[in-house]
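What you are looking at is a predicted structure, and each value in this text was computed from that prediction instead of being measured. Just so you know, these numbers use all the heavy atoms, side chains as well, and skip hydrogens, waters and symmetry mates. Residue numbering restarts at 1 for every chain, and letters A, B, ... go by the order of the sequence lines.
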Protein chains: 2
Amino acid sequence: MPQTKASNIIDLSAIRVACKDCGLFQLCLPVGIGGADLELLDSIIKRRRPIKRGEHLFQVGDPFQAIYAVRSGSIKTYVPTEDGYEQVTGFHLPGELVGLDAIHADIHPCAAKALETTSVCEIPFERLEELSERIPTLRHQLLKIMSREILHEQTLLMLLGKKNADERLASLLLSLSGRYQQRGFSATEFNLSMSRNDIGNYLGLVVETVSRLFTRFQDEGLLTVQRKHIRILDLDRLHALACQSRSCNLRPNSE
Amino acid sequence: MPQTKASNIIDLSAIRVACKDCGLFQLCLPVGIGGADLELLDSIIKRRRPIKRGEHLFQVGDPFQAIYAVRSGSIKTYVPTEDGYEQVTGFHLPGELVGLDAIHADIHPCAAKALETTSVCEIPFERLEELSERIPTLRHQLLKIMSREILHEQTLLMLLGKKNADERLASLLLSLSGRYQQRGFSATEFNLSMSRNDIGNYLGLVVETVSRLFTRFQDEGLLTVQRKHIRILDLDRLHALACQSRSCNLRPNSE
DNA sequence: CGAATCCTTGAACACCTTCAACAGGGGTGG
DNA sequence: CCACCCCTGTTGAAGGTGTTCAAGGATTCG
């Protein structure tokens, strides 16, 4: 499908953009500035047509074939439990990779679902590995990215293990704020693409608690919230809140 | 130092053993059965003399130079918080790797401390990367191992996010049980090398709760416990307990 | 043997959850 | 266009689980 005319609808420009023209390329797989390497990488990447809110990128148990870079929109990853519940394991913004946890067993251990209309780049893993044979920096970057992922999970562990409800929500909001900023968006005003339920699930809290926290944060003048729309009024105080007892930052270096 | 005569003291046999003679080699970096590759790997590995209980393998902020494979003993990794507390991020048994989270920033983001007299193999990372250029299976294994690590952190997230105190302790005990079994030890009888405090910290509980849980588990006939010594009496019931509400297994495939 | 540390036990409390009811959008159909 | 319903989100009150605080017992190591 050739490039379509731009419109004010969200996302059509994402259909066919080379890596070198993508504002996110240094986030998702920063292969170095070498143009040649970038084109090699570009050559193996498939763009998929946007997936709609609620559709799955992959399900638990799907064979592992590719990792995915979010181009626009957002993805939640989660693992369903036997009894029909789920544990949300992450929210993924543009420039972030999804599917790294499937390398181990060649099977996706979690599911990935679009929180809104989302487009992704599909990066066939076998071809990526082939490529990494020839590009040392790519090889190193791959390990680095996975290491960062481990690091991220560890900060999350800290959050769930040591922080109370206030600190958890504050940490999540700061994480999102920082990641949006890094992508050129406002650090203080954004829309949450996930439901209160997802937030609570991710943070180890129930919906009601999350809801109460939002109202309280608003009452205390930390932020304003209307449905999905968040406007942070006092970043400093939010920071202080996030670390009030124990160590801080959720996802210190963006993914 | 040449190989010393075996004795009934824990650990002297570990001083100088080639990878091919090491009972753990398929656990730590299973490079395939190819003897040649194994010897290459062997050639870059340094054995360090045993470190004593309480000594550090590395501290937070140390420059990243090598990853470590536990040969005998056990290691805990943790990240200290500003206010002098810490978050334990993992317990590492023989055959498991430590330090993978340092690749990202070339700095160790956590500290590693011996829980008992422990010997490790030091694997210089730069040389490992060089080696991986020539050995495709090693390259793949590295990614696989890191993927497994991510997976493990995710099950931990599930544990901290969704499980109650009973389920958490049961999950940890089962994880240890399984990992010991995989290393040729008893699945039902072992010594905990970590303190109650470490266990609580790791599981997101306070010491008192852990202590009460152990006594209750004992009262209920699940196990017997005398200080560090654990004897599991009813593995099935422990399994049932670990998964009573939500999804299960901590560290499903050993590391 | 003494000191320090680790572990255990008890009672009161705090925080978050559970249960329940209601409010407000957003979509569909009459 | 409004009525209706469903789903998501909000708010209140009661309850439970784990924490905190406090004290005593056990073990190790100098």
Side-chain angles (χ1 to χ4, degrees), chain A residues 52-54 76 83-86 88 113 115-117 159-172 191-220 223-230 241 244-246, chain B residues 52-55 76 83-88 113 115-117 159-172 191-220 223-230 241 244-246:
Chain A
K52 288 206 276 292
R53 174 190 158 95
K76 88 166 174 189
D83 46 359
Y85 289 88
E86 62 185 47
V88 175
K113 184 194 262 186
L115 290 169
E116 57 196 312
T117 303
L159 183 144
L160 290 176
K162 294 274 172 300
K163 293 189 175 186
N164 64 21
D166 294 29
E167 298 169 297
R168 293 185 197 187
L169 185 59
S171 299
L172 175 62
N191 284 301
L192 300 169
S193 56
M194 66 294 283
S195 71
R196 298 286 193 272
N197 213 328
D198 287 337
I199 293 176
N201 190 310
Y202 181 65
L203 296 178
L205 303 168
V206 295
V207 203
E208 294 93 324
T209 305
V210 174
S211 185
R212 278 185 254 269
L213 285 173
F214 270 124
T215 29
R216 185 151 58 75
F217 281 7
Q218 184 163 240
D219 291 347
E220 291 171 351
L223 47 76
T224 61
V225 49
Q226 300 173 53
R227 274 189 83 61
K228 303 281 191 193
H229 188 81
I230 299 287
L241 190 59
Q244 64 189 31
S245 61
R246 303 271 184 279
Chain B
K52 288 206 276 292
R53 174 192 160 94
E55 286 180 355
K76 91 168 171 186
D83 45 357
Y85 289 89
E86 61 185 48
Q87 164 72 40
V88 174
K113 185 194 261 185
L115 289 169
E116 57 196 310
T117 302
L159 181 143
L160 290 175
K162 295 273 173 298
K163 293 189 174 184
N164 64 22
D166 295 28
E167 297 169 298
R168 293 184 196 188
L169 185 59
S171 299
L172 175 62
N191 284 304
L192 299 171
S193 56
M194 66 294 284
S195 70
R196 300 285 193 273
N197 214 327
D198 287 337
I199 293 177
N201 190 310
Y202 182 65
L203 296 177
L205 304 168
V206 294
V207 203
E208 294 94 324
T209 306
V210 175
S211 183
R212 278 185 253 269
L213 285 173
F214 271 124
T215 29
R216 185 150 58 75
F217 281 7
Q218 184 164 240
D219 291 347
E220 290 170 352
L223 46 76
T224 61
V225 49
Q226 298 172 53
R227 266 192 87 59
K228 304 281 189 192
H229 188 82
I230 299 287
L241 190 58
Q244 65 190 29
S245 60
R246 304 271 185 278

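The interatomic distance linking A/Asn201 (CG) with D/dT8 (C1') rounds to 15 Å, in whole Å. In this entry the distance linking CG of A/Leu213 with P of C/dC15 reads 12 Å, nearest Å. The nearest whole Å value for the distance from the CZ atom in B/Arg216 to the C1' atom in C/dG10 is 16 Å.
If you check every strand for non-hydrogen atoms under 4.0 Å, A/Gly200 touches nothing. Within the nucleic acid shown, A/Ser195 comes within 4.0 Å of sugar-phosphate atoms alone, with no base atom in reach, counting heavy atoms only.
Distances shorter than 4.0 Å separate some side-chain N or O of A/Thr209 from OP1 or OP2 on C/dT17.
A donor-acceptor contact under 3.5 angstrom links the side-chain atoms of B/Arg212 to the base of C/dG10. Not a single donor-acceptor contact under 3.5 angstrom links the side-chain atoms of B/Gln226 to the base of C/dC7.
A/Ile199 and A/Met194 make their closest contact through CG1-CG, 3.5 Å (heavy atoms, listed as atom of the first residue, atom of the second, distance). Of all heavy-atom pairs spanning A/Val88 and A/Tyr202, the tightest one is O-CD1, 3.7 Å. Closest approach of B/Leu159 to B/Ser171, counting heavy atoms only: CD1-CB, 3.6 Å. Between A/Ser195 and A/Lys228, the closest heavy-atom pair is CA-NZ, 3.5 Å. Considering every non-hydrogen atom in both A/Arg196 and A/Arg227, the closest pair reads NH2-O, 2.8 Å. When every heavy atom of B/Leu205 is checked against every heavy atom of B/Leu213, the shortest pair comes out as CD1-CD1, 4.1 Å.
The side chain of A/Arg227 approaches C/dG25 more closely than any other nucleotide in the set C/dT8, C/dG25, D/dT11. Of the candidates C/dG10, D/dG18, C/dC7, C/dC7 carries the atom nearest the B/Lys228 side chain, counting heavy atoms from C-beta on. Here the nucleotide nearest the side chain of A/Val206, chosen from C/dC7, C/dT17, D/dT19, is C/dT17.
Along DNA chain C, the nucleotide nearest A/Val210 and the nucleotide nearest B/Ser211 are compared for position; the residue whose nucleotide lies closer to the 5' end is B/Ser211.
Ion pairing between a basic and an acidic side chain is recognised when a charged N comes within 4.0 Å of a carboxylate O; B/Lys76 and B/Glu86 show such pairing.
With the end axes of the helix from C/dC1-D/dG30 to C/dG30-D/dC1 each set by five pairs, the angle from one to the other reads 40° at 10° resolution.
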